[in-house]
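Notes to accompany the following structure.
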There are 2 protein chains.
Amino acid sequence: MQEELDDRKKRILHAVIRNYLETGEPVGSRTISKYTDLNLSSATIRNEMSDLEEMGYIIQPHTSAGRIPTDRAYRLYVDSMMEEKDREIEELKGMLLRTEDKMDKVLKNVANLLATNTNYATVVSAPQIRGNRLKFLQLSKVDESQILAVIVMEGNVIRNEIIHVDEPISDENMLKLNILINTHLNGLALEEINLGMITALKEQAGIHSSIVGNVIDALAMAIKGEEDLEVYTSGANNILKYPELADKQKASELIQTFEEKKALAKLATDKLAEEGNTGIQVYIGDEAPIDSMKDCSMVTATYELEEGMRGSIAIIGPKRMDYDKVVSSLKTMMKELERIYKKE
Amino acid sequence: MQEELDDRKKRILHAVIRNYLETGEPVGSRTISKYTDLNLSSATIRNEMSDLEEMGYIIQPHTSAGRIPTDRAYRLYVDSMMEEKDREIEELKGMLLRTEDKMDKVLKNVANLLATNTNYATVVSAPQIRGNRLKFLQLSKVDESQILAVIVMEGNVIRNEIIHVDEPISDENMLKLNILINTHLNGLALEEINLGMITALKEQAGIHSSIVGNVIDALAMAIKGEEDLEVYTSGANNILKYPELADKQKASELIQTFEEKKALAKLATDKLAEEGNTGIQVYIGDEAPIDSMKDCSMVTATYELEEGMRGSIAIIGPKRMDYDKVVSSLKTMMKELERIYKKE
DNA sequence: ATTAGCACTCAGTTTATTAGAGTGCTAACA
DNA sequence: TGTTAGCACTCTAATAAACTGAGTGCTAAT
């Protein structure tokens with residue numbers, strides 16, 4: 001049952017898959033017999049298809065219907081396809097050219113573009129910066145009771161936090177505090193800041209030691225806040241366009257998964273990191289550990305802006321999605337993103 | 001045809017509406033006859049209903065079906081309901097208590113809470129700050145070729161922009177630039193910064209005049225960026241739960257409207273501002289100028305944190321939404337938001 | 001090994017039938 | 001005069017029955 005497919009079987013299977021991708025209907029032997037250049041009668045095809053079914057590549061939804069590909073067939077198809085040359089999708093490139101925008105806008109844009117262009121749903125997650133280092137930290141007085149802490153990390157990720165203080169602080173002390181904190185903490189990653197350092201800092205800060213505590217808290221908050229990553233989605237409505245997903249119950253669940261985003265983004269990001277894989281990953285049906293997605297496929301790509309700053313893009317559609325186009329689109333987007341942000 | 005409804009007609013109409021809200025099915029005379037405490041036979045009810053139909057408050061989807069309320073009836077119902085006392089929804093309050101979070105998280109939270117609690121879709125837009133003034137502007141050197149501009153506006157709205165510079169700038173000059181810009185621009189609204197001022201500033205900045213230009217641009221960008229407002233949505237999947245909205249074509253359009261957000265937020269924000277209305281607004285069917293929403297109702301509320309800082313919350317559901325509950329929920333949320341952010 | 005031919009299967013569509021909810025109208029009633 | 005009981009009528013929705021056609025599996029011939 002596990003033996004290799006001979007060439008003819010492969011061609012027939014491919015024909016079945018391609019045809020099903022287009023129509024969404026089960027394909028019969030007669031169709032294949034005409035559709036391919038194999039010049040075989042439908043009867044022959046039937047025999048072959050019968051074999052293929054036994055091997056688990058195709059199934060009949062019911063006796064006397066055509067065959068549809070199983071997840072296994074898709075897997076084979078995708079794998080063989082991945083090796084082929086990249087077909088570029090030029091139009092996308094042009095549309096993204098409004099460079100220099102802020103990252104979040106560009107990412108939103110990416111999500112939208114891909115969704116409208118492919119007619120599937122998309123998820124784009126912003127680069128993660130775990131393990132990132134503090135570049136500098138700037139404290140400014142907002143008013144008598146509030147201090148603004150601007151935190152700049154490597155990769156120019158910027159956060160601000162407002163700190164409340166009980167006693168007013170003089171401009172001079174403010175300056176000292178700034179210098180004190182920066183000389184001690186710059187260049188450190190969050191994990192490297194230990195209790196000893198904090199205590200030492202507080203001692204040196206004298207009367208304003210409580211502020212130091214607040215600043216550290218803010219710092220922790222800011223970096224932590226960064227960790228539960230930002231995610232942009234688009235094209236959820238596309239899901240309803242594919243009858244096999246548009247069942248009310250299921251569609252509702254899927255859209256909900258979509259709104260919650262987190263799980264999706266994690267999936268897209270995690271797997272890729274763990275395999276050191278910088279390329280493209282395809283999950284078909286149950287391969288993704290999300291229940292509501294068992295009738296979908298998901299294609300993910302990772303982009304890397306700097307060492308460690310990785311984000312991901314994912315496209316979700318029916319199992320019979322146009323893998324070819326999706327993969328090309330993703331590749332294009334990845335490259336564009338890296339081109340825009342990699343250096344500068 | 002426009003004459004007043006007598007009391008009995010009103011009660012019957014109310015009964016029809018309430019019943020339809022619950023069941024989503026057309027309601028017949030017999031049901032009303034039993035459901036109400038009017039002690040009237042179905043025949044009498046029929047006569048009255050016939051009148052109500054003539055007056056345009058109810059219609060039959062087809063001969064020999066019960067009646068369903070028209071938009072006009074809902075309007076009447078909502079108007080009369082609005083005057084009634086507020087029934088509080090306590091549970092919501094508790095859940096929002098995680099104060100002190102950042103605004104965007106709280107707003108997202110509000111959207112989620114309302115969506116899960118009401119089973120409708122929600123839109124929350126962050127406060128707008130048009131016409132807001134600059135509190136101060138802090139420039140810091142990130143590295144040789146980049147400057148970070150932190151812009152703090154009234155209401156502690158904070159933006160940052162990275163500015164690229166060609167020639168390195170000394171710490172001393174940086175300080176001067178900071179002072180120069182702040183002394184000239186603090187307290188001004190964007191509209192008040194004119195070309196003359198910019199020219200004067202540039203002159204005084206000497207060799208770093210180009211940076212001043214960049215800073216002004218960044219300022220403009222930041223404030224402008226703030227204007228195309230942030231919007232959080234949740235519960236889009238709920239739409240599929242109501243058969244009258246779950247038609248694939250329509251649902252898809254609705255969800256798309258939902259993803260685009262902007263139009264919705266504008267609607268929620270604009271109308272309320274224009275009428276100086278601080279309360280709650282209800283759009284039934286065509287009353288909202290968005291095509292995809294003609295089968296929905298939308299209830300909006302505005303919250304005001306400080307003078308001019310207003311945002312809105314909207315709930316979208318089928319026409320037969322539970323207006324009563326929705327209105328209470330919105331009121332609760334408004335109050336909570338104002339409580340959390342109003343002073344501090 | 002391939003193919004033509006035929007009997008068989010079964011989802012999906014069409015058509016007919018029925019059941020039930022609801023109405024409008026009339027006539028009786030208080 | 002307003003209310004009600006009763007009945008004929010209408011129309012949807014549900015159910016059943018009949019039909020269609022795509023597609024298969026198997027057998028026998030090439």
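Reminder, nothing fancy here: chain letters follow the sequence lines and each chain counts from 1.
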Atom [atom1] of [X] and atom [atom2] of [N]: how far apart are they, to the nearest Å?
X	N	atom1	atom2	value
B:Ile68	D:dT12	CD1	P	14 Å
B:Arg30	D:dT4	CZ	C1'	14 Å
A:Glu53	D:dG23	CD	P	15 Å
A:Asn19	D:dG23	CG	C1'	14 Å

With a 4.5 Å cut-off on side-chain heavy atoms, are B:Tyr283 and B:Ile290 touching? no

Pairs under 3.5 angstrom, nitrogen or oxygen only, protein versus nucleotides 9-11 of chain D, please.
unit_1 : atom_1 : unit_2  : atom_2 : d
D:dT10 : O2     : B:Ser64 : OG     : 3.0
D:dC11 : O4'    : B:Ser64 : OG     : 3.3
D:dC11 : O2     : B:Ser64 : OG     : 3.4

Kindly compute the distance separating [atom1] ([X]) from [atom2] ([Y]), expressed to the nearest 0.5 Å.
X	Y	atom1	atom2	value
B:Ile255	B:Phe258	CD1	CZ	9.0 Å
B:Asp51	B:Leu13	CG	CG	12.0 Å
A:Met293	A:Met298	CE	CE	5.0 Å
B:Leu245	B:Asn238	CG	CG	11.0 Å
B:Leu254	A:Leu240	CG	CG	10.5 Å
A:Ile313	A:Lys331	CD1	NZ	13.0 Å

Give me the first and last nucleotide of DNA chain C, going 5' to 3', that has any atom under 4.0 Å from a heavy atom of chain A. C:dT2 to C:dA11

Take the angle between the ring planes of B:Tyr77 and B:Tyr323 and call it parallel below 30°, perpendicular above 60°, tilted in between. perpendicular

In a check of salt bridge (charged side-chain N to carboxylate O under 4.0 Å, His left out) between A:Glu48 and each of A:Lys10, A:Arg11, A:Arg8, which one passes? A:Arg8

Hey, could you give me each pair passing side-chain hydrogen bond (donor to acceptor under 3.5 Å, both in side chains) that has a residue in residues 24-34 of chain B? Not counting sequence neighbours. B:Ser29-B:Arg46

Both distances under 3.5 Å, Watson-Crick or G-U wobble: on that basis, could you give the dot-bracket string for DNA chain C, with [ ] for crossing pairs and | for other-strand partners? ||||||||||||||||||||||||||||||

Using a cut-off of strictly less than 4.0 Å between a heavy atom of the residue and any atom of DNA chain C, enumerate the qualifying residues of residues 32-42 of chain B by number. none

Output yes when B:Glu244 and B:Arg320 qualify as a salt bridge under the 4.0 Å nitrogen-oxygen rule, no when they do not. yes

Apply side-chain hydrogen bond (donor to acceptor under 3.5 Å, both in side chains) to B:Lys108 and list each qualifying residue two or more places apart in sequence or on a separate chain. none

Let me know which of A:Asn47, A:Leu5, A:Ile45 forms a side chain to side chain contact (heavy atoms under 4.5 Å, CB included) with A:Leu52. A:Leu5

